[in-house]
Amino acid sequence: MSVKVLYFAGLREAVGQSSEQLALPAQIGSVGQLHAHLVARGGAWQALATAKNLRIAVNQKIAAVDAPLKDGDEVAFFPPVTGG
Amino acid sequence: MSVKVLYFAGLREAVGQSSEQLALPAQIGSVGQLHAHLVARGGAWQALATAKNLRIAVNQKIAAVDAPLKDGDEVAFFPPVTGG
Amino acid sequence: MKISVQSEDFDVGAECAALTRGRTDIGAVASFVGLVRDSNDGAGVARMTLEHYPGMTEKSLAEIVEEARGRWDVMDATVIHRVGELRPGDNIVLVVVASAHRGDAFAACEFIMDYLKTRAPFWKKEKTPEGERWVDARESDDRAAEKWKG
Amino acid sequence: MKISVQSEDFDVGAECAALTRGRTDIGAVASFVGLVRDSNDGAGVARMTLEHYPGMTEKSLAEIVEEARGRWDVMDATVIHRVGELRPGDNIVLVVVASAHRGDAFAACEFIMDYLKTRAPFWKKEKTPEGERWVDARESDDRAAEKWKG
């Protein structure tokens, strides 16, 4: 399946991109597995592993690491919010 | 001594006046004594006795019934406030 | 600090802007506007007359704001209360509080309103279909003011 | 209900007036404006850039307002949050809540701000004399949001 992955704020700067369309290997079915898959790229992607209080949203709703993924999902990684 | 007495809102309407300058008999030295003196007028002045939660201010500050009076004081009687 | 008792209407935006103009140390402005409602205690309200105690009113509002300043980080504040004849939908009262932080701005603004309701010498008279009546003080207002004690 | 994420400034007075226009059942309008301060965590702030997550931001703001509506008597509400580049003294966020009674207006307005601070996907980057830095989330904001739980 294919998902759209978004990065925001400090995490966007750390990984050097704001979004990517990603075709996932068959064994990746959850947010946590996607996260591990991205961290495994190494280099700048370590930022996803070291980020304090990483937040994850699936289809624009906050999601837990065990949330399942399906084709066409939009997955966002970002630091704790600081608006207002 | 002489004091200025003010009445507000429902109490003003009940006693039929908004203010009066009053020369007090020598034995009247406190807010409570002034209150009794006014109630003793009878008729409409009974409103001062029957008013629920009557508030009293001396020189524009909320005062208790035992507050002393001096010449030139401004004494106000009014019901609980309802602004805002 | 600005305290005003007036018959004219006020402009919320202008009063908020006046508090922050030329300053860059204010992070939070909380404001409250009270308006005349078309019904109260189950009766329709066609008109309202607000009486006050000139002199004491301004003093008591200033004291309430000073008490708020003593409790919270209040950088500046404005209180405007209208008197005279008002109609449903009209503004009655405005409280604006500027602070560095939002918690202080919210608390001070609500405190000023709660104390104003129970301490500032204003009285409302409503015109309803059954005639005119002086508004009774509410126990709920006393309770609101009590919560700031202690 | 009005939710807007925009780069343009807003007008507090106009937004408050829009909520009450043509209505006579609203007795209380509480509002909050958050502004850029010239210092934060001990450093001077010359400029701030606000990033957000388009789409999710609006949804999360609408959800927060809906949650407030479920808890208090909220007749109408407006939330406007600016994005892009801002300077000290600039407005960042506006929350306005209209209700029949002041307690509901104050509570709902503060609740929306506290939840916005911890849930809506906005991120601030500050320019200080030492360079640019992403603002860290505050524990005090988490505590402020926690107080509405349970």
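A, B, ... follow the sequence lines: proteins, then strands. Residue 1 opens every chain. Note that the structure is predicted; figures quoted are calculated from it, not measured.
- Separating the OG atom in Ser140(D) from the CZ atom in Arg102(C) is a distance of 7.0 Å, to the nearest 0.5 Å.
- Only the backbone of Val36(C) comes within less than 4.5 Å of a heavy atom of chain D; no side-chain atom from C-beta onward does.
- The CZ atom of Arg37(C) sits 7.5 Å away from atom CG of Asp25(D), with the distance rounded to the nearest 0.5 Å.
- The number of heavy atoms from other shown groups lying within 6.0 Å of NZ (Lys127(D)) does not exceed 12.
- Only the backbone of Arg23(C) comes within contact range of chain D, with at least one heavy atom under 4.5 Å from a heavy atom of that chain.
- Applying the 6.0 Å contact sphere to CD of Glu8(C) captures more than 12 heavy atoms from other residues, nucleotides or ligands.
- Here the closest heavy-atom approach between residue Val12(D) and residue Cys16(C) is recorded as CG1-SG, 4.4 Å.
- Put simply, of Ser39(C), Ala100(C), Ala17(C), the one with the most heavy-atom pairs under 4.5 Å next to chain D is Ala100(C).
- Aromatic ring centroids of Phe32(C) and Phe106(D) lie under 6.0 Å apart.
- For a residue to count as touching a neighbouring chain, one of its non-hydrogen atoms must lie under 4.5 Å from one of that chain's; by this rule Asp114(D) touches chain C with backbone and side chain alike.
- The parts of Ala28(C) that come within reach of chain D are both its backbone and its side chain, each placing non-hydrogen atoms under 4.5 angstrom from that chain.
- Only the side chain of Thr20(C) comes within less than 4.5 Å of a heavy atom in chain D; its backbone stays farther off.
- Ranked by heavy-atom pairs under 4.5 Å with chain D, the first of Pro88(C), Ala144(C), Gly103(C), Gly22(C) is Pro88(C).
- The greatest number of non-hydrogen atom pairs below 4.5 Å with chain C, out of Ser31(D), Ala14(D), Gly89(D), Ala30(D), is found for Ser31(D).
- Note on Ile26(D), Asp11(D), Val95(D): by heavy-atom pairs under 4.5 Å with chain C, the leading option is Ile26(D).
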